[in-house]
Amino acid sequence: MALLSTLPAADGFAMPAEFAPHRATVLIWPVRPGSWGRDPSAAQNAFLDVIREIAKGEDVYLLAGAADLAAAQAAAAGIPRVTVFEIESDDAWARDVGPTFVTDGRTLRGVSWKFNAWGGEVDGLYASWDKDDAVAAALCGKLGLDCYDAGDFVLEGGSIHVDGEGTLLTTEACLLSAGRNPQLSREEIEQKLADHLGIRKVLWLPRGIYQDETNEHVDNVCAFTAPGEVVLAWTDDQDDPQYPLSKACLDYLQTATDAAGRRLKVRLLPIPDHPILCTEADCAAYDFAPGEDMRQPGDRLAGSYANFYIANSAVLVPQFGGENAASDARALGILREAFPGKRVVGIAARAILLGGGNIHCITQQVPEV
């Protein structure tokens, strides 16, 4: 494995869309007490549900630190196509700390971005992130893939979506936040994205999901389902704090064109009918480290059905249950329309949401070449 200082686009490499075929999907075994509680079994079971579905159509690379390697291997032992790699990390957000994979159609390489726990000393979510920042290069080493070093450019995989045809979606709230790359202008950030991902146009949604502690990652609010087509998290309730955020995004998308000059087809994907709140019992289960962002009883979690993952075998969609059973079913129906001919599968995901993200946040696709 070589750590490359050249630029992917200049070498002819680009990031494929998530709906393109995968070689594998990367996940990280969840154990951090400040994310998953002193007893992480509920989150681990939800991760295993995700892994089982993904493994029906592609390999799964599961990462675990030395202290948790045996437990991860035992948990995944009955699932075919799972390989467990010993790689240390600070938490389990493979989308954000793993490599972003790029290809020239023949060769696969990774991109290692700078990771600073979603905001560094400005508004980062924990105080130490050195292990997370090393995951991308470490995994490329395990896989025998060359890896591009993006230097000091701070980016998380959840802050971008691409259509595979030159267009990238992101949010101003995240990529222009003070804790990411304040020394760079919007145009300079666009150039970094073009250089590393082979895209030609950036679509800047204004906002994301209310109370999303990642500074409103795009993968929680809007996603490509095909070239020229997106789904957007939505609410009709004008009194809901999400409404002005989604309305600003819809207004933008209705006037935007992609890199091919197409107007976008926008499907509205309603958020859960009832806000998902952190309960007293939920909060009592966490064990926060010094400097770690702490939840409080009554905090609204950033629940969204847009945080789905497009695997080879199926589209995996968060489900929250209980009073949100009707909106769970509605989300599955809308996504079946968006992905005709593909299985759309609901995954009970409240335990993942309690960690601060959802199914898309814990997965990272490795493209097929």
Side-chain angles (χ1 to χ4, degrees), residues 17-19 158-177 186 189-190 193 199 201-276 300-310 315 317-318 320 324 326-340 344 357-358 360-361:
E18 189 174 311
F19 43 77
S159 69
I160 56 172
H161 259 299
V162 300
D163 68 350
E165 297 187 359
T167 311
L168 180 144
L169 280 171
T170 191
T171 67
E172 294 176 339
C174 179
L175 256 59
L176 300 183
S177 68
R186 178 193 298 247
I189 291 171
E190 288 185 347
L193 297 170
I199 56 95
K201 185 169 186 177
V202 178
L203 300 182
W204 292 89
L205 277 69
R207 300 297 303 270
I209 291 292
Y210 177 69
Q211 297 286 70
D212 186 336
E213 57 197 6
T214 64
N215 299 108
E216 302 174 18
H217 271 182
V218 77
D219 72 349
N220 215 20
V221 72
C222 188
F224 284 110
T225 57
E229 299 186 14
V230 300
V231 290
L232 174 68
W234 182 258
T235 178
D236 289 323
D237 182 0
Q238 297 189 21
D239 294 325
D240 190 295
Q242 181 59 40
Y243 179 81
L245 281 63
S246 291
K247 181 64 164 61
C249 291
L250 180 60
D251 290 346
Y252 172 79
L253 289 169
Q254 287 178 330
T255 64
T257 56
D258 65 12
R262 292 172 292 213
R263 293 275 185 174
L264 297 172
K265 178 176 181 177
V266 182
R267 286 184 175 89
L268 300 182
L269 185 63
I271 61 174
D273 287 338
H274 302 274
I276 302 164
R300 176 167 165 166
L301 303 174
S304 168
Y305 299 110
N307 208 296
F308 58 83
Y309 178 61
I310 310 166
V315 179
V317 185
F320 304 109
N324 284 308
S327 55
D328 284 354
R330 185 168 60 243
L332 294 178
I334 292 169
L335 289 170
R336 286 181 181 123
E337 293 177 4
F339 294 99
V344 175
N358 224 298
H360 196 261
C361 305

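All figures in this text were calculated on a predicted structure; none of them were measured in a lab. Nothing fancy with the numbering, it's 1 onward along the sequence.
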- Task: Measure across Pro270 and Arg330 and return the closest heavy-atom pair with its distance rounded to 0.1 Å.
- Result: CG-NE, 3.8 Å
- Task: Using a 4.5 Å cut-off on heavy atoms from C-beta on, say whether the side chain of Glu18 contacts that of Tyr309.
- Result: yes
- Report yes if the side chains of Leu269 and Leu335 come closer than 4.5 Å at any heavy-atom pair, otherwise no. yes
- Note on the structure: Closest non-hydrogen contact found for Thr214 with Cys174 is O-SG, 3.8 Å
- Message: Please determine whether salt bridge (Lys or Arg N to Asp or Glu O under 4.0 Å) holds for the pair Glu165 and Arg262, giving the CA-CA distance in whole Å, both sets of side-chain angles, and the decisive distance to 0.1 Å.
- Response: CA-CA 11 Å; Glu165 297 187 359; Arg262 292 172 292 213; 2.8 Å; yes
- Drop me the distance from Leu205's CG to Glu172's CD, to the nearest 0.5 angstrom. 8.5 Å
- Grab the two heavy atoms, one from Ala248 and one from Pro206, that are nearest each other, plus how far apart they are. O-CG, 3.8 Å
- Item | Exercise: do Asp237 and Thr235 side chains pair donor with acceptor under 3.5 Å | no
- Message: Is it the case that the side chain of Asn324 and the backbone of Asp273 share a donor-acceptor pair, with hydrogens and angles ignored and the cut-off at 3.5 Å?
- Response: yes
- Aromatic plane relationship, Phe339 with Phe308 - under 30° parallel, 30 to 60° tilted, over 60° perpendicular: perpendicular
- Item | Thr171 side chain to Arg207 backbone, donor-acceptor under 3.5 Å | no
- Distance (rounded to the nearest 0.5 Å) between Thr170 OG1 and Leu175 CG: 4.0 Å
- Query: With no hydrogens and no angle check, is any side-chain donor or acceptor of Arg300 less than 3.5 Å from a backbone partner on Ile276?
  - Reply: no
- Message: Using modelled atom types and a 3.5 Å cut-off, is there a donor and acceptor pairing between side-chain atoms of Ser304 and backbone atoms of Asn220?
- Response: yes
- Task: Spell out, as yes or no, whether a donor-acceptor pair under 3.5 Å connects the side chain of Gln211 to the backbone of Ala302.
- Result: no
- Task: Answer yes or no: does atom NZ of Lys201 have more than 12 heavy-atom neighbours from other residues, nucleotides or ligands under 6.0 Å?
- Result: yes
- Do the side chains of Pro227 and Phe19 get nearer than 4.5 Å, heavy atoms only? yes
- Query: Taking the side chain from Glu216 and the backbone from Val221, do they hold a donor-acceptor pair closer than 3.5 Å?
  - Reply: no
- Query: Under 3.5 Å, is there a donor-acceptor pair linking the side chains of Asn307 and His360?
  - Reply: no
- Message: Could you tell me if Asp328 and Tyr305 have a donor-acceptor pair between their side chains, going purely by distance under 3.5 Å?
- Response: yes
- Message: I'd like to know if the side chain of Trp204 pairs up with that of Glu190 as donor and acceptor (distance under 3.5 Å, no hydrogens or angles considered).
- Response: yes
- Query: So among Asp163, Asp258, Val218, Val162, which one has a side-chain contact (heavy atoms from CB on, under 4.5 Å) with Leu168?
  - Reply: Val162
- Rounded distance (nearest 0.5 Å) linking atom OG of Ser159 with atom CG of Leu169: 11.0 Å
- Taking the side chain as every heavy atom from C-beta outward, state whether Asp240 and Ile271 have any pair of such atoms under 4.5 Å apart. yes
- With a 4.5 Å limit on heavy-atom distance, are the side chains of Phe224 and Ile310 in contact? no
- Determine whether the side chains of Thr225 and Lys265 contain a donor N or O and an acceptor N or O closer than 3.5 Å. no
- Query: To the nearest 0.5 Å, what is the distance between CD (Gln242) and CG (Asp236)?
  - Reply: 12.5 Å
- Query: If you take all heavy atoms of Leu253 and Val230, which pair is closest and at what distance?
  - Reply: CD1-CG2, 4.2 Å
- Which atom pair, heavy atoms only, marks the closest approach of Asn358 to Phe320? ND2-CE2, 3.6 Å
- Message: Nearest 0.5 angstrom please: Thr257 OG1 to Leu264 CG, how far?
- Response: 7.5 Å
- Message: Tell me the closest heavy-atom pair linking Cys361 and Gly357, and the distance in Å.
- Response: SG-CA, 3.7 Å
- Message: Using side-chain heavy atoms (C-beta onward) and a distance below 4.5 Å, is Gln254 in contact with Arg263?
- Response: no
- Distance (rounded to the nearest 0.5 Å) between Ser246 OG and Leu232 CG: 5.5 Å
